[in-house]
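Since the model is a prediction, treat every value here as computed from it, not as a measurement.
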Amino acid sequence: MMKKGLFIVFAVVLGFGIFIQSPGDVAAIDANQSRNLEPDQSANRYGFHNSEALIKKRAEELGIKTKGKDTETLAREVYEAEIKRAAKELGMETEGKDIDELADKVHHEKVKQMAKKLGIKTEGKDPETLAKEVYEAKLKQKAEELGIKTDDKDMESIKQEIFKHYLKKEADKLGVDMKGKDEYTIAKEIQDKKIMRSAEKLGLDTNGKNPEQLLDEIMNKHAVRAKELNLFPFEGRKNSFHQDPHHMGK
């Protein structure tokens, strides 16, 4: 998994997410976050952890047949189903519509809704301009909530400070030593510890198994129980694999 892919894992699954909550919300704040990915990040392209079990479980919940399909195919089908679900909730016609065009319309409508909440005027602004304004406003809002100064800082710097805040918070909670490590390494260690903690609380045999194997076991055999106990990767979202599309931002 590459660095940007892992960031999306944390945004969607770990709860660090400030913006992306479900595929129905894809790019509702950070329009480029989930679109411009490397080819080997096929699952993350649609807003998912690249664990086959996690994607498969969500597909089953949506009534999508999984037999004989690879991860890329399932991720795409789940993404499409989520986009259509979000579109229908917004009163949009989905029959015969191009999924990417529909995603853009869903994205723009959600951006407009958020702009209204933030007191940002939408008249006369193209989708890209409005999305950028909303994105920047949400970043600054979150930074202020966390006591992070935003004066004379560009958006990328603010976003990185917010991410580092949550990264440190989780690292401290789990006893992960951050000294001398890059963010990717720290994030990976946090994720691995969360998976191991979930496995232990579920009473799984962890001997000789790596975190990815344990995550697959949790998803394939113990997902319901993990969700009931509010364990990773369901922390804070016991009722669904993805938060409701309307609950955007923390």
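Taking a 6.0 Å sphere around CD of E60, one finds it holds more than 12 heavy atoms contributed by other residues, nucleotides or ligands. Crowding of K169 atom NZ: a count of heavy atoms from other residues, nucleotides or ligands under 6.0 Å not exceeding 12.
Considering only heavy atoms from C-beta on, K201 comes within 4.5 Å of R197 through its side chain. The shortest distance between side-chain heavy atoms of K168 and M178 falls below 4.5 Å. Under the 4.5 Å side-chain criterion, counting only non-hydrogen atoms from C-beta, Q160 is in contact with E183. Side-chain contact between K193 and I190 is absent, with no heavy atoms from C-beta onward closer than 4.5 Å. The closest side-chain heavy-atom distance from F234 to E228 is not below 4.5 Å. Contact of the I64 side chain with the K69 side chain is registered, since non-hydrogen atoms from C-beta on lie closer than 4.5 Å. Between L62 and E82 there is a side-chain heavy-atom pair separated by less than 4.5 Å. Side-chain atoms of K159 and M155, non-hydrogen and from C-beta on, never get closer than 4.5 Å to each other.
Side chains of K110 and Q113: no donor on one and acceptor on the other come within 3.5 Å. Neither side chain, E217 nor Q213, offers a donor N or O lying under 3.5 Å from an acceptor on the other.
Rounding to the nearest 0.5 Å gives a distance of 9.5 Å between CG of D192 and CG of L214. Interatomic distance, CD of E77 versus NZ of K65, reported as 11.0 Å (0.5 Å rounding). Annotation: the span from E101 atom CD to I99 atom CD1 amounts to 10.5 Å, rounded to 0.5 Å. Taking CG from D177 and CG from D172, the interatomic distance works out to 10.0 Å, rounded to the nearest 0.5 Å. Note: L102 CG to I83 CD1 = 7.0 Å, rounded to the nearest 0.5 Å. A distance of 6.5 Å separates NE2 of H165 from CD1 of I148, quoted to the nearest 0.5 Å.
The pair D100-R76 meets the salt-bridge criterion, since a charged nitrogen lies less than 4.0 angstrom from a carboxylate oxygen.
Between the side chain of K209 and the main chain of D205, a donor-acceptor pair closer than 3.5 Å is present. The closest donor-acceptor contact from the side chain of T122 to the backbone of K112 lies at 3.5 Å or more, if one exists at all.
Heavy-atom minimum distance, I55 versus A75: CG2-N, 3.7 Å. Contact between T150 and A143 at its shortest, heavy atoms only, is CG2-CB, 3.6 Å. A pairwise comparison of heavy atoms in L130 and I120 identifies CD1-CG2, 4.1 Å as the closest pair. Among all heavy-atom pairs drawn from A59 and L74, the shortest one is CB-CD2, 4.1 Å. Between S198 and I218, the shortest heavy-atom contact is CB-CD1, 3.9 Å. Taking all atoms of both residues into account, the shortest heavy-atom contact from L139 to I162 is O-CD1, 3.5 Å.
For the pairing with E161, the salt bridge (charged side-chain N to carboxylate O under 4.0 Å, His left out) check across K142, K149, K153, K140 returns one residue only, K153. Of the residues E109, R85, K105, the one that meets the side-chain contact (heavy atoms from CB on, under 4.5 Å) test with L90 is E109. The only member of K138, K125, K121 that meets side-chain hydrogen bond (donor to acceptor under 3.5 Å, both in side chains) when paired with E133 is K125.
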